[in-house]
Undergrad: 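Just passing along the structure, written as structure tokens.
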Amino acid sequence: MNGMSGSSTAAPAPSPSGLFQHRGRHHGGMMHMTFFWGKNTEVLFDGWPGTSLKMYWVCLATVFVFSALSVVVSMRDHESGPASLGGGLAQTVIYTVRAGLSYLIMLAVMSFNGGVFLAAMAGFGVGFLILEVWSCAVVVTDDFVETLDTLPQLNNELRVGHFNMKASKAKGLAHLLN
């Protein structure tokens with residue numbers, strides 16, 4: 001019986017609680033699996049932001065900006081489709097950047113830090129607000145430009161109408177005099 005002796009050199013199977021061990025930096029050596037509040041956390045990278053309050057604020061600002069950018073990057077209208085190969089490549093790059101930002105934000109929120117979650121949600125909100133304000137400004141600008149483009153035509157129609165009105169009055173007056 002080869003290898004069936006009472007002694008074994010294989011390592012014992014890890015316990016289920018050991019699966020969540022993370023180098024002993026979190027409370028009791030466990031990763032957080034519920035939301036918590038505090039600056040002592042790790043987000044995206046090993047040891048970042050650590051225990052520094054300044055770096056925690058940098059982390060929150062980074063998550064906020066990435067969240068807002070992921071919404072703003074999606075501004076491009078995809079309904080019309082690309083007009084050329086270059087347009088299709090540009091849309092592909094924009095889509096890829098947006099997907100990458102979204103995954104980074106998801107991983108940051110998976111730190112279960114309440115501040116990181118709130119920074120992500122605030123970034124998404126501000127990004128959506130920027131998107132809405134921008135789209136309203138574009139609509140107003142397009143309407144204004146369209147109105148300016150039609151002003152000469154309206155002006156000409158008014159002149160012709162005014163001339164026709166004067167001519168018909170003159171004909172009517174001439175008819176009365178005759």
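What you see below is based on every heavy atom in this structure, not just the backbone, and it leaves out hydrogens, waters and symmetry mates. Worth saying up front: this structure is predicted, and the values here are computed from it rather than measured. Numbering of residues begins at 1 and proceeds along the displayed sequence.
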Undergrad: How close do I130 and V72 get, counting heavy atoms only, and between which atoms?
TA: CG2-CG2, 4.0 Å
Undergrad: Would you compute the distance between atom CG of L53 and atom CG of N40 and round it to the nearest 0.5 angstrom?
TA: 9.5 Å
Undergrad: Show the nearest heavy-atom pair for residues L69 and L101, with the distance to one decimal.
TA: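 For L69 versus L101, the nearest heavy atoms are CB-CD1, 4.0 Å.
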Undergrad: Where is the tightest heavy-atom contact between L131 and V71, given as atom of each residue plus distance?
TA: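 Heavy-atom minimum between the residues: CD2-CG1, 4.3 Å.
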Undergrad: Taking the side chain as C-beta and beyond, is there a heavy-atom pair between V58 and P49 under 4.5 Å?
TA: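 No, their side chains stay 4.5 Å or more apart.
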Undergrad: Just by modelled atom types, is the W48 backbone N or O under 3.5 Å from a matching donor or acceptor in the E42 side chain?
TA: no
Undergrad: Please determine whether the number of non-hydrogen atoms from other residues, nucleotides or ligands lying under 6.0 Å from atom CZ of F66 exceeds 12.
TA: no
Undergrad: Looking only at heavy atoms, which two atoms of S102 and S70 are closest? And how far apart?
TA: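 Closest approach of S102 to S70, heavy atoms only: OG-CB, 4.2 Å.
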Undergrad: Could you report the tightest heavy-atom contact between A108 and L44, atom names first, then the distance?
TA: N-CD2, 3.8 Å
Undergrad: Would you say that more than 12 heavy atoms from the other residues, nucleotides or ligands in this model lie under 6.0 Å from the CE of M110, or not?
TA: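 Atom CE in M110 is not packed in, count stays at 12 or less.
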Undergrad: What closest approach, in Å, do I105 and A120 show between heavy atoms, and which atom pair accounts for it?
TA: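 Smallest heavy-atom distance, with atoms named: CG2-CB, 3.9 Å.
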Undergrad: Quick one: pull up CZ in F117 and CH2 in W37 and give me the separation to the nearest 0.5 Å.
TA: 8.5 Å
Undergrad: Before giving the answer on side-chain contact (heavy atoms from CB on, under 4.5 Å), spell out for Q91 and Y95 the whole-Å C-alpha distance, their side-chain angles and the decisive distance to 0.1 Å.
TA: CA-CA 6 Å; Q91 282 185 347; Y95 177 81; over 6 Å; no
Undergrad: Any chance you could measure N113, atom CG, to L60, atom CG, to the nearest 0.5 Å?
TA: 7.0 Å
Undergrad: With a cut-off of 6.0 Å (strictly less than), are more than 12 heavy atoms of other residues, nucleotides or ligands near CZ of F112?
TA: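 Yes, the 6.0 Å shell around CZ holds more than 12 heavy atoms from other groups.
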Undergrad: Step through the shown structure and confirm whether more than 12 heavy atoms of other residues, nucleotides or ligands are within 6.0 Å of CZ on F35.
TA: yes
